[in-house]
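Step one of this worksheet: look at the structure below.
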Amino acid sequence: MALRFKNSFTRTKEEFRPIDEGKVRMYTCGPTVYNYAHIGNFRTYMFEDLLRRYLKYKGYDVTQVMNLTDIDDKTIRDSQKEGVSLKEFTDRYTKAFFEDIDSLGIERAEYYPPATEHIPEMVVLIQKLVENGLAYEVDGNYYFRISAFKDYGKLAHIDMDGLKAGARVAADEYEKDSVSDFALWKAWDEADGDVYWETELGKGRPGWHIECSAMSMKYLGETFDIHTGGVDNMFPHHENEIAQSEGATGKKFVNFWMHSEYLIVEGRRMSKSAGNFYTLRDLMEKGFSGVAVRYLLLSTHYRQQLNFTLTGLDAARKALERYLDFISNLADYVGGVSSGGEAEQVIRKVKSGFEDALDDDLNISGAMGVIYDFIRDINRLKAEDRLSIEERDQALETIRKIDTVLNFTYNEANLDIDEEIDSLIAQRTEARKNKDFALADKIRDDLIARGIILEDTAQGVKWKRKV
RNA sequence: GGCGGCAUAGCCAAGUGGUAAGGCGGAGGUCUGCAAAACCUCUAUUCCCCAGUUCGAAUCUGGGUGCCGCCUCCA
């Protein structure tokens, strides 16, 4: 089956073909570094991680760019509130962002351009828009003239004439030609303090949308393959990016637009302004691991709203445990007789099922379904001692290949041997030998309280950390 | 007012014309000192409601009900 993605632009599933054979260039809207990112943000980054990992699994050479918005109203406001420089402020949250994506096993993009390091590129782009008659200046502010760009609204399918002139239009934007025109460059005012750039456009700072146009085209070219973000970015942000980019180059900006749905919490919309959000750090403080959060965020299809609950996170943790135990127990399996071709069939089935599902617009639920079928089938052969060493190795190789996409095993490196635990296990083994089960069980319970789970197997005592 | 999405078991969720995947939870069993892990069996006569098309519909059409999102800087 061919790889197909739902293209938000055409609103249909289309076969994916990159511009350059074997290479994919993608731009993923990144964080505004003014706070710890919440799990809704990470839901989107997780979808993008799945996308890039699956593209790599399919053999594509992926170049991904994720911007870091380190200059906007919020970063200025909050850094001033704290009395620290913009740089010091945004550096702190940039660092936190990278720590968090590491905790979640999200693979690094090739480029993380910060907006503040690309002011000259933005200025050039704005000048070009002025030249093309698509931008105008009022008191040092530059705006994009939407009425001059005839395709405006084609991504979000919004008819500008039909827009309700509503209460959400800020009162202080009266100087624009049209309320819908958006800012490309904002002239300095006192509230900006020492945050400004002296440029050919004057003293000021960029608008929000322009950074994505400038930086995406710098690193990926004027036309590239995939652009992603949360659905809320579709309008106006992505619509504006198209207007800015195509208005400047006259070329098609992006071939495939992909948008992830919201994560909601207990059935309600989560947002930074509503204050009902969980950061990754909040969940880790409650004792959940990054990989459990990863499992939850990854295992719901990206175009489906994900209703986050702590109960759901716990269910995800348990399902993940089954997956991890499968791999770990399979690796320890000493082998039995050959299954006579059954294992091979099971392996073939999971490979094709996994790929067919993900080829179909990243249908992760379908993919997880066939993986759990595979786990049960192999475990059954194991239970019947009908899995040879060779077959075991093939099964292991298969699940590990699959795991390059899912990446649920990245915490395994943490399972380093702890001398104290070994010594307690030895004490317990001795107690069991002496039929002192009360002591043996106490040691086991104490370890469980510390997140260490013991299993008595035919090959001896195994231990693992709670995920 | 405009645009769009969703409704499948206690919970999460796949399935877009051929007779309901998978996970969590629950019940019983095998194994075990007891557990854990694993395996086996069971857990939706049915997919929000009504009507229609069809040999056949969770899937298509029409109508209804309920929930949600976007409509100018929120992933």
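- For A:Y93 and A:F97, the distance between ring centers is not under 6.0 angstrom.
- The base of B:C6 has none of its N or O atoms less than 3.5 Å from a complementary donor or acceptor on the side chain of A:R303.
- Of the candidates B:A37, B:C71, B:A14, the closest approach to any side-chain atom of A:N329 belongs to B:A37.
- Within 4.0 Å of A:R428, counting heavy atoms only, lies at least one base atom of the nucleic acid.
- Taking atom C1' on both B:U8 and B:U41, the two are 24 Å apart, rounded to the nearest angstrom.
- With P as the reference atom, B:A36 and B:A51 are 49 Å apart, rounded to whole Å.
- Using modelled atom types, one finds no donor on one side chain facing an acceptor on the other under 3.5 Å when comparing A:T28 with A:T228.
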Carefully, step by step, assess A:T409 and A:N407 under the rule side chain to side chain donor-acceptor pair (under 3.5 Å).
-> CA-CA 6 Å; A:T409 53; A:N407 195 34; 4.9 Å; no
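- The side chain of A:H38 sits closest to B:A75 out of B:A75, B:G15, B:C3.
- Mapping A:G40 and A:N240 onto RNA chain B by nearest heavy atom places A:N240 closer to the 5' end of the strand.
- Here A:L263 lies in heavy-atom contact (under 4.0 Å) with a base.
- Using P as the reference atom, B:U53 and B:G62 are 15 Å apart when rounded to the nearest Å.
- Residue A:R444 has its side chain nearest to B:C34 when only B:C34, B:C39, B:A75 are considered.
- Residue A:R376 places its side chain closer to B:C40 than to any other of B:C40, B:G69, B:G33.
- Here the nucleotide nearest the side chain of A:I453, chosen from B:C24, B:G22, B:A36, is B:A36.
- Put simply, A:K433 has no side-chain N or O that comes within less than 4.0 Å of OP1 or OP2 on B:G33.
- With a 4.5 Å cut-off on side-chain heavy atoms, A:E321 and A:I453 count as touching.
- Proximity of A:R380 to the phosphate of B:C40: a side-chain N or O atom is located under 4.0 Å from OP1 or OP2.
- Contact check, A:Q304 against B:A14: a side-chain N or O comes under 4.0 Å of OP1 or OP2.
- Distance from the side chain of A:A383 is smallest to B:A38 among B:G33, B:A38, B:C24.
- Judged by atom type and distance alone, A:R432 reaches the base of B:G33 through a side-chain donor-acceptor pair under 3.5 Å.
- Side chain A:S365 to base B:A14: no donor-acceptor pair is found below 3.5 Å.
- With hydrogens and angles ignored, a donor-acceptor pair closer than 3.5 Å exists between the side chain of A:D456 and the base of B:C34.
- Base engagement by A:G369 is indicated by at least one non-hydrogen atom pair under 4.0 Å involving a base atom.
- With distances taken from any side-chain atom of A:Q305 to the nucleotides B:C73, B:A75, B:G69, the minimum falls on B:G69.
- B:C3 and B:G17 have their C1' atoms separated by 30 Å, given to the nearest Å.
- Of the candidate nucleotides B:G23, B:A21, B:G15, B:G15 has the atom nearest to the side chain of A:N363.
- Counting only heavy atoms from C-beta on, A:K186 has its side chain closest to B:C73 among B:A75, B:C73, B:C34.
- Nucleotides B:C24 and B:A37 have their P atoms positioned 10 Å apart, rounded to a whole Å.
- Evaluation of atom-type donor-acceptor distances gives a pair under 3.5 Å for the side chain of A:D441 against the base of B:G33.
- The aromatic ring of A:Y372 does not sit over the base of B:G23, since the test of centres under 5.5 Å and planes under 30° is not met.
- At a threshold of 4.5 Å between non-hydrogen side-chain atoms, the residues A:Y143 and A:F182 do not count as touching.
- Regarding contacts with the backbone of B:C39, a side-chain N or O of A:N379 is found under 4.0 angstrom from either OP1 or OP2.
- Among the protein residues, A:G229 comes within range of the sugar-phosphate backbone only, with heavy atoms under 4.0 Å from sugar or phosphate atoms but none that close to a base.
- The ring of A:F308 has its center closer than 6.0 angstrom to the ring center of A:Y278.
- Side-chain N or O atoms of A:R428 include none that pairs as donor or acceptor with a backbone N or O of A:D441 at under 3.5 Å.
- With RNA chain B read from its 5' end, the first of the two nearest nucleotides for A:T309 and A:D325 is the one closest to A:T309.
- Residue A:R322 has a polar side-chain atom (N or O) positioned under 4.0 Å from OP1 or OP2 of B:A38.
- The partner of B:G10, taking Watson-Crick or G-U wobble pairs whose two distances both stay under 3.5 Å, is B:C24.
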